[in-house]
*Asks:* 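Provided herewith is a single structure, encoded as structure tokens, for subsequent inquiry.
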Amino acid sequence: MSKIQAIRGMNDLLPETSPVWQYVESTIAQCVQAYGYREIRFPLLEKTDLFKRSIGEVTDIVEKEMYTFDDRNGESLTLRPEGTASCVRACEEHGLLYNQTQRLWYMGPMFRYERPQKGRLRQFHQIGIEAFGLQGPDIDAELLLMTARLWKMLGIDDAVTLEINSLGTAAARGVYKTALVDFLSGIKDQLDEDSQRRLDTNPLRILDSKNKDTQALLANAPQLDDYLDDDSRNHFESLKHILDAANISYRVNNRLVRGLDYYGYTVFEWVTDKLGAQGTVCAGGRYNGLVEQLGGKPTAAVGCAMGIERLILLLQTLAKIPESLASLPDVYILAVGQMDGKVEGYALALAERLRENFPAIRCLSHCGGGSFKSQMKKADKSGAAIAVIIGEDEVTSQSMSIKYLRDSGDSKVTQVTLPLAQGIEKLAEIIA
RNA sequence: GUGACUGUAGCUCAGCUGGUAGAGCCCCGGAUUGUGAUUCCGGUGGUCGCGGGUUCGAACCCCGUCAGUCACCCCA
């Protein structure tokens, strides 16, 4: 009988590393909430059409990366490959965008059927931030200020750089796309294989091709910023002024495009060179057309998403994970002796009393019996600072023995036996 | 989807030109009966990823398959 193993690219999060996740998640939540963003949650499963209509029919995500299947009614459902579409759907469905602005965030797993590699999984986790109903560049800037602050909070601000670009309106981009395709078609046989394919599917993506020869050919290609309309040009200029004033450094990268169809105007990426091939740690932009595209009224929108796995990877390579994350127990309570369950009962009751007296305590009760020696070993291994020893003597005399397992400081005392009430007072001193 | 490298105990790995497996750590027990981290002694644990093939004989060679890692692609 062969063992069942996890699905490829879908990782288990083990107790050893979950504190790191809790740290990152809570830091991000703290940061975005400091800007007044509120959490929204929506299902992992949506109708397939939602993603087809938002992300774009001919994108790689929709064409070959979605987990799509029919439910028992024959309806096509898809495990969400990103959050923005669901977020817009949920907002529309509940009238959250009707004559009002929204600043929202969410986090959770996303699913994409890709070949796993460093910083890329089939189930991965994103934190998304979206702002609706605001069309000025100030809100674009707020997103960038917020993420910049987050990098500082996490201690990775030296390792990431901001790249920004403007894709203009859909109309302007369309004109540019034609010009680019015209230009590239003339030199098609010189392009690399992937770029030749993209010429038909997604020509803008040729701009950020990693192929050096292709990049060289692009030197003479038409530039996107020459095709920008006045409105998006002004929007972009103001954004840059705000960023300058706010001391956010950035690099304008006019080759920066996005893989999802719904972006226009501002796009940006926070990138690092410390993670290998998957160096984008946070990316986003403006998507003013999406709400309408999904059946709502025209609504201004900007957003971004960051990959939690990539952030954690970055924290690890930079050694920026705080030492003290693992929460060790304060107290380990032993229960030694054969008294028909009386010792265990006494010990567990004491543990309950401690938890009532000290709500923040982390108290581990020994279970499973065993010799004194083996219980002490487990107490030590647990990392607890203090062992509370309950044996037959303590039960008979209604007392408890407190033993310091770590350096008890000045005192040479390593163990005291006290009546219950005094023992609890003693613990209060120690734990405080 | 393509390519390269890898797959031996829970973990990290060794195993010479093919002769049916080892170390360290971990875990468990012991070194005078209720006192842990050091030290010493002993012990548990593997159909060598899986399935075929070649061979008298395969962890080692061949084929397939699955998985991991990295890169392409894609993207957070």
Side-chain angles (χ1 to χ4, degrees), chain A residues 1-11 14 16 55 59-66 81-84 107-129 147 160 192-195 197-198 201-202 205 208-211 256-260 268-272 275-284 303-314 332 334-338 343 366 370-395 401-407 414-415 417:
Chain A
M1 198 75 168
S2 61
K3 283 184 187 166
I4 295 176
Q5 45 192 134
I7 295 169
R8 182 170 210 196
M10 305 205 180
N11 288 170
L14 302 179
E16 199 182 334
I55 298 169
T59 56
D60 276 25
I61 293 179
V62 171
E63 276 184 341
K64 46 194 189 194
E65 293 178 3
M66 295 204 304
E82 58 110 31
T84 302
M107 73 177 158
M110 306 293 165
F111 303 85
R112 260 123 91 160
Y113 189 91
E114 296 185 276
R115 192 84 172 261
Q117 74 182 68
K118 187 174 188 177
R120 190 173 77 184
L121 293 165
R122 289 186 175 181
Q123 177 180 328
F124 61 104
H125 298 77
Q126 278 189 341
I127 295 200
I129 306 168
T147 43
V160 294
D192 62 276
E193 202 178 318
D194 284 318
S195 294
R197 176 176 51 78
R198 281 183 289 219
T201 56
N202 200 345
R205 289 226 63 110
D208 59 8
S209 166
K210 284 181 186 171
N211 187 292
L256 179 66
V257 293
R258 311 268 46 242
L260 288 66
F268 60 85
E269 277 187 14
W270 287 97
V271 296
T272 177
L275 292 184
Q278 310 295 328
T280 302
V281 131
C282 170
C304 67
M306 41 199 135
I308 301 182
E309 283 86 353
R310 289 184 188 180
L311 287 174
I312 288 175
L313 224 44
L314 190 54
Y332 191 101
L334 326 212
V336 206
Q338 302 291 330
V343 182
H366 181 89
S371 68
F372 199 103
K373 189 190 184 85
S374 67
Q375 293 200 24
M376 276 306 292
K377 277 189 176 176
K378 291 210 167 95
D380 178 51
K381 179 150 284 183
S382 77
I386 288 161
V388 168
I389 297 163
I390 302 302
E392 294 171 7
D393 296 350
E394 283 81 1
V395 174
S401 296
I402 299 170
K403 180 181 168 85
Y404 297 85
L405 293 172
R406 315 290 150 205
D407 203 350
T414 60
Q415 185 169 340
T417 302

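From a predicted model like this one, the values you see are computed outputs, not experimental measurements. Every chain is numbered from 1, with letters handed out A, B, ... down the list of sequences.
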*Asks:* What does the list of N/O pairs under 3.5 Å between the protein and nucleotides 5-9 of chain B look like, with a distance for each?
*Replies:*
none

*Asks:* Output all residues satisfying side-chain hydrogen bond (donor to acceptor under 3.5 Å, both in side chains) with A:S209, sequence neighbours left out; order by chain, then residue number.
*Replies:* none
*Asks:* So that I can tick it off, tell me whether A:K377 and A:D380 are bridged by a salt bridge, with the cut-off set at under 4.0 angstrom between side-chain N and carboxylate O.
*Replies:* no
*Asks:* Mind checking who B:U69 pairs with, Watson-Crick or G-U wobble, both distances under 3.5 Å?
*Replies:* B:A4
*Asks:* Which pairs count as salt bridge (charged side-chain N to carboxylate O under 4.0 Å, His left out) when at least one residue sits in residues 107-118 of chain A, sequence neighbours excluded?
*Replies:* A:E114-A:R120
*Asks:* Which residue lies toward the 5' end of RNA chain B, A:N11 or A:G370, if each is placed at its nearest nucleotide?
*Replies:* A:G370
*Asks:* List for me each residue that meets side chain to side chain contact (heavy atoms under 4.5 Å, CB included) alongside A:A305, sequence neighbours excluded, and say none if there are none.
*Replies:* A:Q126
*Asks:* Once hydrogens and angles are ignored, does a donor-acceptor distance under 3.5 Å link the base of B:U35 to the side chain of A:K373?
*Replies:* no
*Asks:* What are the two closest non-hydrogen atoms of A:P81 and A:I55, and how far apart are they?
*Replies:* CG-CD1, 3.8 Å
*Asks:* Pair A:V336, A:V343 - check side chain to side chain contact (heavy atoms under 4.5 Å, CB included), show working.
*Replies:* CA-CA 7 Å; A:V336 206; A:V343 182; 5.6 Å; no
*Asks:* Rounding to an integer number of Å, can you tell me how far A:F372 CZ sits from B:G29 C1'?
*Replies:* 18 Å
*Asks:* Given atom CD of A:Q338 and atom C1' of B:U33, what is their separation to the nearest angstrom?
*Replies:* 14 Å
*Asks:* Round to a whole Å and report the spacing from CE of A:M10 to C1' of B:A67.
*Replies:* 15 Å
*Asks:* Minimum heavy-atom separation for A:L405 and A:A384, please, with both atom names.
*Replies:* CD1-O, 3.5 Å
*Asks:* CD1 of A:I386 versus C1' of B:U35: gap in Å, rounded?
*Replies:* 16 Å
*Asks:* Do A:Q415 and B:G34 have a side chain to base donor-acceptor pair shorter than 3.5 Å?
*Replies:* no
*Asks:* Given the P atoms of B:A71 and B:U65, what is the spacing between them in whole Å?
*Replies:* 25 Å
*Asks:* Quantified in whole Å, what is the P atom distance between nucleotide B:G52 and nucleotide B:A59?
*Replies:* 14 Å
*Asks:* How would you list, by chain and number, every residue that makes a side chain to side chain contact (heavy atoms under 4.5 Å, CB included) with A:A385, sequence neighbours excluded?
*Replies:* A:R406
*Asks:* What is the distance from CD of A:Q5 to P of B:C66, rounded to the nearest Å?
*Replies:* 11 Å
*Asks:* Find every protein N or O atom lying less than 3.5 Å from an N or O atom of nucleotides 38-42 of chain B, and list the pairs.
*Replies:*
none

*Asks:* Taking atom P in both B:G19 and B:C28, compute the distance separating them and give it to the nearest angstrom.
*Replies:* 37 Å
*Asks:* Please report, rounded to the nearest Å, how far the P atom of B:C26 is from the CD atom of A:E16.
*Replies:* 15 Å
*Asks:* Show the nearest heavy-atom pair for residues A:H366 and A:A335, with the distance to one decimal.
*Replies:* CB-N, 4.4 Å
*Asks:* In B/S/- notation, 5' to 3', how is nucleotides 71-76 of chain B contacted by protein heavy atoms closer than 4.0 Å?
*Replies:* BBBBBB
*Asks:* Mind listing the N/O atom pairs, protein and nucleotides 50-52 of chain B, below 3.5 Å?
*Replies:*
none

*Asks:* In chain order, what residues pass the side-chain hydrogen bond (donor to acceptor under 3.5 Å, both in side chains) check against A:Q278, with sequence neighbours excluded?
*Replies:* A:R310
*Asks:* Excluding sequence neighbours, so at least two apart, what forms side chain to side chain contact (heavy atoms under 4.5 Å, CB included) with A:E394?
*Replies:* A:I389, A:I390, A:S399, A:S401
*Asks:* If you look at every strand shown and take non-hydrogen atoms under 4.0 Å, does A:G9 touch a base, only sugar-phosphate, or nothing?
*Replies:* sugar-phosphate
*Asks:* Tell me the interatomic distance from A:L334, atom CG, to B:G34, atom P, rounded to whole angstroms.
*Replies:* 13 Å
*Asks:* Mind checking the P distance from B:G51 to B:U12? Whole angstroms is fine.
*Replies:* 23 Å
*Asks:* A:R8 CZ to B:C70 P: how many Å, rounded?
*Replies:* 12 Å
*Asks:* Measuring only the C1' atom in each nucleotide, how far is B:U44 from B:G3? A whole number of Å is fine.
*Replies:* 43 Å
*Asks:* Who pairs with A:D192 by salt bridge (charged side-chain N to carboxylate O under 4.0 Å, His left out), at least two apart in sequence or on another chain?
*Replies:* none
*Asks:* Closest heavy-atom contact between A:G284 and A:R258?
*Replies:* O-CD, 3.8 Å
*Asks:* Among all residues two or more places apart in sequence or in another chain, which pass the side-chain hydrogen bond (donor to acceptor under 3.5 Å, both in side chains) test with A:D393?
*Replies:* none
*Asks:* Mind checking the C1' distance from B:C61 to B:C48? Whole angstroms is fine.
*Replies:* 16 Å
*Asks:* Apply side chain to side chain contact (heavy atoms under 4.5 Å, CB included) to residues A:T59 and A:E65 and explain how you reach the verdict.
*Replies:* CA-CA 9 Å; A:T59 56; A:E65 293 178 3; over 6 Å; no
*Asks:* Which whole number of Å gives the distance between the P atom of B:U38 and that of B:C26?
*Replies:* 7 Å
*Asks:* Pick out which of A:L311, A:T272, A:T147 makes a side-chain contact (heavy atoms from CB on, under 4.5 Å) with A:V160.
*Replies:* A:T272
*Asks:* At under 4.0 Å between heavy atoms, what does A:E193 touch on the DNA or RNA strands: base, sugar-phosphate, or nothing?
*Replies:* nothing
*Asks:* When the C1' atoms of B:C25 and B:G64 are considered, how many whole Å apart are they?
*Replies:* 36 Å
